[in-house]
Number of protein chains: 2
Amino acid sequence: MSEQISSGFLIKQRAFLKLYLITLIENKYLYGLKLRDLLKDEFKELGFQPKHPEIYKALHDLMEQGIIYQRKEKKQGTVYQEVVYYHFTDEGREKASAYKKLLKHELDRCIHLLQKAVKDNFY
Amino acid sequence: MSEQISSGFLIKQRAFLKLYLITLIENKYLYGLKLRDLLKDEFKELGFQPKHPEIYKALHDLMEQGIIYQRKEKKQGTVYQEVVYYHFTDEGREKASAYKKLLKHELDRCIHLLQKAVKDNFY
DNA sequence: AGATGAACATAGTGTTCATTT
DNA sequence: AAATGAACACTATGTTCATCT
């Protein structure tokens with residue numbers, strides 16, 4: 001059912017993106033492609049360019065987990081167009097914070113793994 | 001042809017293992033399954049349990065890159081059995097060190113990516 | 001053209017199987 | 001049984017396509 005965060009090696013891109021999307025939905029009002037644009041820009045210097053289907057799949061995962069839901073709304077700006085914005089469900093914030101806690105441990109584990117590799121192979 | 005180290009997100013397990021295998025071949029005299037045992041043990045606490053086919057594929061990659069070659073030798077110990085040990089080719093050490101330099105940058109990039117995620121989502 | 005999403009293709013890795021010693 | 005490796009299967013992700021505004 002619910003996807004894996006990792007398989008013991010490093011965190012999966014999907015989980016990584018879900019973490020960011022939760023934080024972005026908490027703090028910004030953006031629809032799918034704009035979320036991708038923001039993330040692309042954010043990671044540009046680190047060479048990571050998330051693709052739009054991954055963003056959508058991550059958002060759909062968060063919906064399946066009952067954390068967010070989507071609402072079609074008029075695009076903010078000049079042209080009339082309906083786009084999909086995301087909002088937390090009633091229990092969404094709580095679930096999100098549980099997920100984030102999980103991810104925090106996972107990120108720490110991954111950082112340790114990589115730092116260990118630097119230590120073991122270069123010093 | 002030669003495999004990718006990453007796709008812009010995190011380093012691939014294969015590349016990660018190749019780095020370790022180079023270092024192990026530099027410093028120890030072990031055949032395939034023993035290399036896996038050692039790595040399994042090394043990463044046990046971090047929840048990473050590399051599987052034997054991945055180890056073999058990583059070793060085969062290093063051979064295709066002309067860094068190492070294999071030599072069947074009698075297993076060190078009591079029972080007579082031929083196992084496969086790995087040695088650096090003539091240009092192997094140089095190539096290995098070039099590969100390691102590459103991987104060092106990749107590891108650093110990945111660490112930054114993960115540390116950024118911690119910063120962006122938890123502080 | 002921009003936005004959403006599905007469909008399809010590929011790649012990376014894991015599980016199982018075959019062979020030999 | 002231990003060791004090596006191939007074959008096969010599955011999952012994660014990327015590329016392309018379809019639809020709608």
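In what follows, chains carry the letters A, B, and so on, assigned in the order in which the sequence lines appear, proteins first and then strands, with residues in each chain numbered from 1. Note that these values count all heavy atoms, side chains included, but never hydrogens, waters or copies made by symmetry.
Side chain to side chain, B/Lys28 and B/Thr23 fail the donor-acceptor criterion of an N or O pair below 3.5 Å.
Backbone-only contact: B/Tyr86 has heavy atoms under 4.0 Å from sugar-phosphate atoms and none from a base. At the heavy-atom level, B/Lys34 lies under 4.0 Å from the strands shown only through sugar-phosphate atoms.
One interatomic measurement links the two molecules: CZ of A/Phe16 to P of D/dT13, which rounds to 12 Å at whole-angstrom precision. The interatomic distance linking A/Leu59 (CG) with C/dA6 (C1') rounds to 15 Å, in whole Å. Rounded to a whole Å, the CZ atom of A/Arg14 is 15 Å from the C1' atom of C/dG12. At whole-Å resolution of the value, CG in B/Leu30 and P in D/dA2 are 17 Å apart. Between the CZ atom of A/Phe9 and the C1' atom of D/dA12 there is a distance of 15 Å, given to the nearest Å. In this structure, A/Ile11 places its CD1 atom 13 Å from P of D/dA12, rounding to the nearest Å. Distance, A/Arg71 CZ to C/dT4 P: 15 Å, rounded to whole Å. A straight line from CG of A/Asp61 to C1' of C/dG5 spans 14 Å, rounded to a whole angstrom.
A donor-acceptor pair under 3.5 Å is formed between the side chain of B/Arg109 and the backbone N or O of B/Gly8. Of the possible polar contacts, none joining the A/Lys44 side chain to the A/Gln49 backbone as a donor-acceptor pair under 3.5 Å is found.
Comparing atom distances between the A/Gln13 side chain and each of D/dT13, C/dG14, D/dT4 picks out D/dT13 as nearest. Checking C/dG12, D/dG5, C/dG14 against every side-chain atom of B/Gln70, the shortest atom distance belongs to D/dG5.
Residues satisfying the ring pair (Phe, Tyr, Trp, His ring centres under 6.0 Å) test with B/Phe122, not counting sequence neighbours, are none. In this view, B/His87 and B/Tyr69 satisfy the ring pair (Phe, Tyr, Trp, His ring centres under 6.0 Å) rule, not counting sequence neighbours.
Salt bridge annotation for B/Lys100-B/Glu26: present, with a cationic side-chain nitrogen under 4.0 angstrom from a carboxylate oxygen. Salt bridge A/Glu82/A/Lys74: absent, no basic N to carboxylate O contact under 4.0 Å.
Annotation: ring-ring contact (aromatic ring centres under 6.0 Å, His included) contacts involving residues 33-60 of chain B, sequence neighbours excluded, comprise A/Phe9-B/Phe48, B/Phe16-B/Phe43, B/Tyr20-B/Phe43, B/Phe43-B/Phe48, B/His52-B/Tyr56.
Position along DNA chain D of the nearest nucleotide to B/Asp37 versus A/Lys57 favours B/Asp37 as the more 5'-ward residue. Nearest-nucleotide positions on DNA chain C place B/Lys12 closer to the 5' end than the other of B/Lys12 and B/Lys51.
Around atom CD of B/Glu94, no more than 12 heavy atoms belonging to other residues, nucleotides or ligands sit under 6.0 Å away.
A heavy-atom distance below 4.0 Å to DNA chain C is reached by none of the residues of residues 101-116 of chain A.
Residues A/Leu19 and A/Leu107 are in side-chain contact: their nearest non-hydrogen atoms beyond the backbone lie under 4.5 Å apart.
Closest non-hydrogen pair, A/Cys110 versus A/Ile11, comes out as SG-N, 3.4 Å. Annotation for B/Lys18 and B/Leu62: closest pair CE-CD2, 3.7 Å, computed over non-hydrogen atoms.
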Practice problem: Can you check each nucleotide of nucleotides 16-21 of chain D against protein heavy atoms at under 4.0 Å and return B for base, S for sugar-phosphate only, - for none, in 5' to 3' order? | Solution: B-----
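An OP1 or OP2 oxygen of D/dT4 is reached within less than 4.0 angstrom by a side-chain nitrogen or oxygen of B/Tyr56.
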Quiz prompt | Strand DNA chain D as a dot-bracket string - pairs counted if Watson-Crick or G-U with both distances under 3.5 Å, | where the partner lies in another strand | solution = |||||||||||||||||||||
